[in-house]
2 protein chains.
Amino acid sequence: MAAEAGLSRERVLRAAVAIADERGTAGLTMRSLAASLGVEAMSLYHHVANKEAVLDGLVEVVMGEIEEAVAGLDAPAPEEDWRTAMRMRVLAAREVLVRHPWAPGVFESRTGTSLAVARYYDGVLGLMVRGGFSYELGHRALHALGSRALGFSQELFEPDGMEAPEEALAAMAEAVPHLVAMIADASHGGALLGWCDYQAEFEFGLDLILDGLERLRGKV
Amino acid sequence: MAAEAGLSRERVLRAAVAIADERGTAGLTMRSLAASLGVEAMSLYHHVANKEAVLDGLVEVVMGEIEEAVAGLDAPAPEEDWRTAMRMRVLAAREVLVRHPWAPGVFESRTGTSLAVARYYDGVLGLMVRGGFSYELGHRALHALGSRALGFSQELFEPDGMEAPEEALAAMAEAVPHLVAMIADASHGGALLGWCDYQAEFEFGLDLILDGLERLRGKV
DNA sequence: ACCTGAACACCGTTCAAGT
DNA sequence: ACCTGAACACCGTTCAAGT
């Protein structure tokens, strides 16, 4: 409320993260950001170039948290067990993203490659090279992993996210018979609540890719 | 220019696709959309509820093109060769998306599940079930594929997209040594131009997942 | 140097009015 | 019924002015 002077880029970005955590990125405007700091919107422009720079800064902050989480890991040396080392790294990144559900959307919105993201992928590649990957296979692996290396994947279709998937799908039963059957199959025991474990699904997809890469390691 | 009367939802959506194709979604506003139809912005609201409905309609149009492409495929019966059938379907979808580079971004921006997208995933699931998948494994496969089933994957880090990756990365060489070495390795022959083939990388990632699923088919 | 108020050029959208 | 003009409540951002 009261304007504590001494604004700084860091303070602006911390406030932006707080707003995004509470209200999502839709609620993050230059005016709301300024208000949360007890200041006028125009004051922000002395510390960040514009709103795009604020979003870039958001990526930096999240990547900082991820790097911190990765650094605190007690992972095996990649030379010993690259797969476990990679798995732990990705799941540590995922834990950070769970705290900032808006982060994937902001990552995707950035067109240029940020240094912080490049540095993270450099670490992922370094891990694989130490684990016995050629640069060529490492390159392909980065593409194959895509955003999964950072702990999230794109879900375009989420029957699980529906409030009442059974009713919703029943309404369009003839249009999507297999999805209806799939849910019926999953709920054969009775309760449908939480029938889909996102964390387990993420790990399944991740393991599928890591297993595939392990099979190619040393051969390509 | 001259207002040809006889606006309709379909005509509005076709115009919206044309604008997105030419200028990207940033250039798609209710005002620009109306102008391209020789009409005032407010006229649009007689045919679409609001801008969100326009974006939903964009998804419908693209999904329609994808379903059309899939229907025209001469793919093997899933019972005979589910992997080839799936591969052809995904790559056909990808060809449509290449024509509409803005589409992935719009897909991601939709929170609710659209009927058109649900129908597509229903087809994917049906293909797998006919190919010998249990509903349980089919469910996991849908998650593992994610947006890849529709022909695109999330690339958060694209050194390839840089105009001059060598110089750009050289500037931050000490921060990302492995990425620099990877590019040096890829350009050992000389020309770096087109060193990364996005289509090939997409197919590599897709095959990695399809191979993994094939190994589990019938066992889970 | 840092912060501010008023203003500008945009948005999506409501509303009352036209035909 | 369909289309319109003016207006409203927002955006991000520029600019000249304050301290």
Side-chain angles (χ1 to χ4, degrees), chain A residues 1-61 102 105-106 108-112 114, chain B residues 1-61 102 105-106 108-112 114:
Chain A
M1 204 115 284
E4 311 167 33
L7 229 46
S8 67
R9 183 180 132 89
E10 202 189 341
R11 255 175 52 102
V12 168
L13 295 183
R14 266 209 308 269
V17 170
I19 291 178
D21 285 345
E22 288 163 25
R23 288 178 264 169
T25 38
L28 177 65
T29 68
M30 294 303 271
R31 284 170 166 90
S32 73
L33 178 53
S36 83
L37 288 160
V39 109
E40 293 300 315
M42 296 313 107
S43 306
L44 302 175
Y45 289 83
H46 290 279
H47 302 95
V48 291
N50 47 36
K51 190 176 181 182
E52 289 294 288
V54 173
L55 296 175
D56 288 339
L58 249 31
V59 170
E60 269 181 55
V61 171
W102 45 268
V106 174
E108 289 154 28
S109 74
R110 309 293 77 207
T111 50
S114 93
Chain B
M1 203 117 286
E4 310 167 33
L7 229 46
S8 68
R9 183 181 131 89
E10 203 188 338
R11 254 175 51 96
V12 169
L13 294 183
R14 266 208 308 268
V17 169
I19 291 179
D21 284 345
E22 287 163 26
R23 288 178 265 168
T25 38
L28 178 65
T29 68
M30 295 303 271
R31 283 169 167 91
S32 72
L33 178 53
S36 83
L37 288 160
V39 109
E40 293 299 316
M42 296 314 106
S43 307
L44 302 174
Y45 288 83
H46 290 278
H47 302 95
V48 291
N50 47 36
K51 190 176 181 182
E52 289 294 289
V54 173
L55 296 175
D56 287 341
L58 248 33
V59 170
E60 269 181 57
V61 172
W102 46 267
V106 174
E108 289 155 27
S109 76
R110 309 292 78 207
T111 51
S114 94

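Heavy-atom basis, side chains included; hydrogens, waters and symmetry copies ignored. Reminder, nothing fancy here: chain letters follow the sequence lines and each chain counts from 1.
Contact detail for A:L33 and A:A16: the closest heavy-atom pair is CD1-N, 3.5 Å. Summarising the geometry of B:S32 relative to B:R23, their closest heavy-atom pair is CB-NH1, 4.2 Å, with the distance given to 0.1 Å. Heavy-atom minimum distance, B:V54 versus B:L13: O-CD2, 3.9 Å. Closest approach of B:M30 and B:V48 over heavy atoms only: CE-CG2, 4.4 Å.
Using a 4.0 Å cut-off between charged side-chain N and carboxylate O, B:R110 and B:E52 make a salt bridge.
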Check the interface with nucleotides 17-19 of chain C: list each N/O to N/O pair with the protein under 3.5 Å, or write none.
none

Dump the pairs, protein N or O against N or O of nucleotides 9-12 of chain C, anything under 3.5 Å, distances to one decimal.
{"from": "C:dG12", "atom 1": "OP1", "to": "B:M30", "atom 2": "N", "distance (Å)": "3.4"}
{"from": "C:dG12", "atom 1": "OP1", "to": "B:K51", "atom 2": "NZ", "distance (Å)": "3.1"}
{"from": "C:dG12", "atom 1": "OP2", "to": "B:M30", "atom 2": "N", "distance (Å)": "3.1"}
{"from": "C:dG12", "atom 1": "N7", "to": "B:R31", "atom 2": "NH1", "distance (Å)": "2.6"}
{"from": "C:dG12", "atom 1": "O6", "to": "B:R31", "atom 2": "NH2", "distance (Å)": "3.1"}

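For D:dG18, the paired base is C:dC2 (Watson-Crick or G-U wobble, both distances below 3.5 Å). Of the nucleotides present, none pairs with D:dC11 by Watson-Crick or G-U wobble criteria with both distances under 3.5 Å.
Atom CD in B:E40 sits about 10 Å away from atom P in D:dA6, given to the nearest Å. Between A:L37 atom CG and C:dC2 atom P there is a gap of 16 Å when expressed in whole angstrom units.
Using a distance-only test at 3.5 Å, with no hydrogens or angles considered, no donor-acceptor pair links the side chain of B:T25 to the main chain of B:L28.
For the pair B:S43 and D:dC2, the criterion of a side-chain N or O lying under 4.0 Å from OP1 or OP2 is not met.
With hydrogens and angles ignored, a donor-acceptor pair closer than 3.5 Å exists between the side chain of B:H46 and the base of D:dC3.
By the salt bridge (charged side-chain N to carboxylate O under 4.0 Å, His left out) test, B:R9 is found to be paired with B:E60, residues two or more places apart in sequence or in another chain being considered.
Considering only heavy atoms from C-beta on, A:I19 stays 4.5 Å or farther from A:W102 through its side chain.
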